[in-house]
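I have placed the structure first, in the form of structure tokens, so that the comments after it can refer back to it.
We name chains A, B, ... by the order of the sequence lines, and we start the count at 1 in each one.
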Protein chains: 2
Amino acid sequence: MSLEHECISLVPLFDQLTHEDKKTIESIVHQHHYQPGETIFSAGDSLDALMIIASGQVKVYQLAENGKEQLLYLLQTGDFEGESALFSQATRQSFGEALLPTAVCQIERSDFQKLMMQYPSISINLLNEFGNRLSKLEKRTTQATTSSIESRLADYLVETAAGMQVTTFKLPLKKKDLATYLGTTPETISRKLKDFEDQGLISQGGGKKITIEDGDALTLIN
Amino acid sequence: MSLEHECISLVPLFDQLTHEDKKTIESIVHQHHYQPGETIFSAGDSLDALMIIASGQVKVYQLAENGKEQLLYLLQTGDFEGESALFSQATRQSFGEALLPTAVCQIERSDFQKLMMQYPSISINLLNEFGNRLSKLEKRTTQATTSSIESRLADYLVETAAGMQVTTFKLPLKKKDLATYLGTTPETISRKLKDFEDQGLISQGGGKKITIEDGDALTLIN
DNA sequence: CGTATTCTTGACCGCTCTCAAAACCCGTGG
DNA sequence: CCACGGGTTTTGAGAGCGGTCAAGAATACG
């Protein structure tokens, strides 16, 4: 099974299509590979392709005027990125950087637009995905402006654990990156994690390992 | 010309359709009217219709666990709202409240989905709109977590003025609502506006009137 | 013109950032 | 297997931004 094929079956975007149709799409996919630390795209780049992560991990971030970094998304295998839209702004607002060895499948803008006109189900799947992202981002914005760092961190820990369906896990990010994700600094994260540990809400093992000891209490933190 | 007709021509969503098609759509639109202060929808409501603002003004906000309000969007005539998606979450996360006498056109979920399957251009227009919202929200989140209140307020003033293409304007929101939009408090807004005035960047007239005196300097505030 | 809401101003306090230095982790090569 | 070195994380001390609470001023509106 080719990796191009992988891409198409990885994302739910093309779920409704027949095997036949998927094969057609596979033929218009291009692949690229990136090393950790490598930049995949930058703000100002023209936006001319939909990108699907076939394997690896990509951090998507923006830079504020003051140079501060804001981590927007952490893309995993099967996630895709076409900036906010393949349609509106022709130029990117964000940066993408590989955190692991990463393979990316691309579909050209014009090819993808043709696909959408031909298979309305793709648009609807895409709308679904955008809707979800919008909801999540709305929640994040609300949290960022109304809750304390403590509360945001607690929420992140609980959600991350829940997403992996475990209570012990390794933070998928460096503290620096996690800090920009939550809108704080590595120092504050260290301190808050220690607080949580002192209160018996979590325990920390060496090397970014964290065990949730009392998820309910974490959720209640304000 | 009926108000139902107004709705359809108000939004760019249906631009590509023929006059014939638009008339068909008009027949499936329902209208509702709301008074200032009236709640149009609440978190927890099931999401079963696309809403188009025919006239008036609606504030869309979320409540954080600690009860704090976060203003997400201010919908004007021609804007629409179907939560983040008419597809994914079946239940609303946010509240909508009329700020002025407001008329709203609604299209039922199932009707709208049929329309989308029939006219792919609608989906594409919708994707465009979602993409724009996503971009704006990403920028807001970045600003919320990386910039000072001062900088966010300055940015808001400049953008609001630019949007109206004037240098003198009336704030479209109460300070309390503007505060929740920017993630701060009315007191802080008062103080910062006074600072700006002392520095000669703006001047304030009675009753929420503001004149931008030095937009460039405002933009440079960090 | 009176009342209710909104806005302003002041004093105070706490959270989180900054800067700096020490401790730790981990891959590398001796 | 252990010592080294770079990056990352932790810890500490200090400062400032912005929040809270409370009272007074201004505005809106019937």
Salt-bridge test for A:R92 and A:E81: reply yes if a basic N is under 4.0 Å from a carboxylate O, no otherwise.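 Between A:E81 and A:R92 there is a salt bridge, with a charged N closer than 4.0 Å to a carboxylate O.
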Salt bridge check: are A:R133 and A:E138 linked by an N-O gap of less than 4.0 Å?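 Looking at A:E138 together with A:R133, the answer is no, because their closest N to O distance does not fall below 4.0 Å.
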In this structure, how many angstroms lie between the [atom2] atom of [N] and the [atom1] atom of [X], rounded?
| X | N | atom1 | atom2 | answer |
| --- | --- | --- | --- | --- |
| A:L153 | C:dT16 | CG | C1' | 13 Å |
| A:E150 | C:dT16 | CD | P | 7 Å |
| A:L99 | D:dG7 | CG | P | 17 Å |
| A:R152 | C:dC15 | CZ | P | 14 Å |
| B:L182 | D:dG18 | CG | P | 12 Å |
| B:N66 | C:dC15 | CG | C1' | 15 Å |
| A:K170 | D:dT9 | NZ | P | 11 Å |
| B:E197 | C:dC7 | CD | P | 16 Å |

Passing candidate, salt bridge (Lys or Arg N to Asp or Glu O under 4.0 Å) with A:K192, options A:E187, A:E197, A:E150: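 The passing option is A:E150.
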Aromatic plane relationship, A:F95 with A:Y61 - under 30° parallel, 30 to 60° tilted, over 60° perpendicular: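 A:Y61 vs A:F95 ring planes: parallel.
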Check each residue of [range] for a non-hydrogen atom within less than 4.0 Å of any atom in DNA chain C, then write out the ones that pass by number, or none.
| range | value |
| --- | --- |
| residues 208-222 of chain B | B:K208 |
| residues 184-195 of chain B | B:E187, B:S190, B:R191, B:K194 |
| residues 171-181 of chain B | B:K174, B:K175, B:K176 |

Side chain of A:S148 - closest among D:dG18, C:dT16, C:dT8: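 Among the listed nucleotides, the one closest to the side chain of A:S148 is C:dT16.
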What I'd like to find out is whether the side chain of [X] reaches to under 4.5 Å of the side chain of [Y], using heavy atoms alone.
| X | Y | answer |
| --- | --- | --- |
| B:T211 | B:I202 | no |
| B:Q57 | B:Q76 | yes |
| B:E69 | B:K59 | yes |
| B:I40 | B:M51 | yes |
| A:V158 | A:D155 | no |

Against the six-membered ring of B:Y181, is B:R140 placed for a cation-pi contact (under 6.0 Å from the centre, within 45° of the normal)?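 Judged by the rule (NZ or CZ under 6.0 Å from the ring centre, within 45° of its axis), B:R140 counts as positioned above B:Y181.
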We want to know whether A:S151 and A:S148 form a side-chain donor-acceptor pair, criterion being a heavy-atom distance below 3.5 angstrom.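 Side chains of A:S151 and A:S148: no pair found under 3.5 Å.
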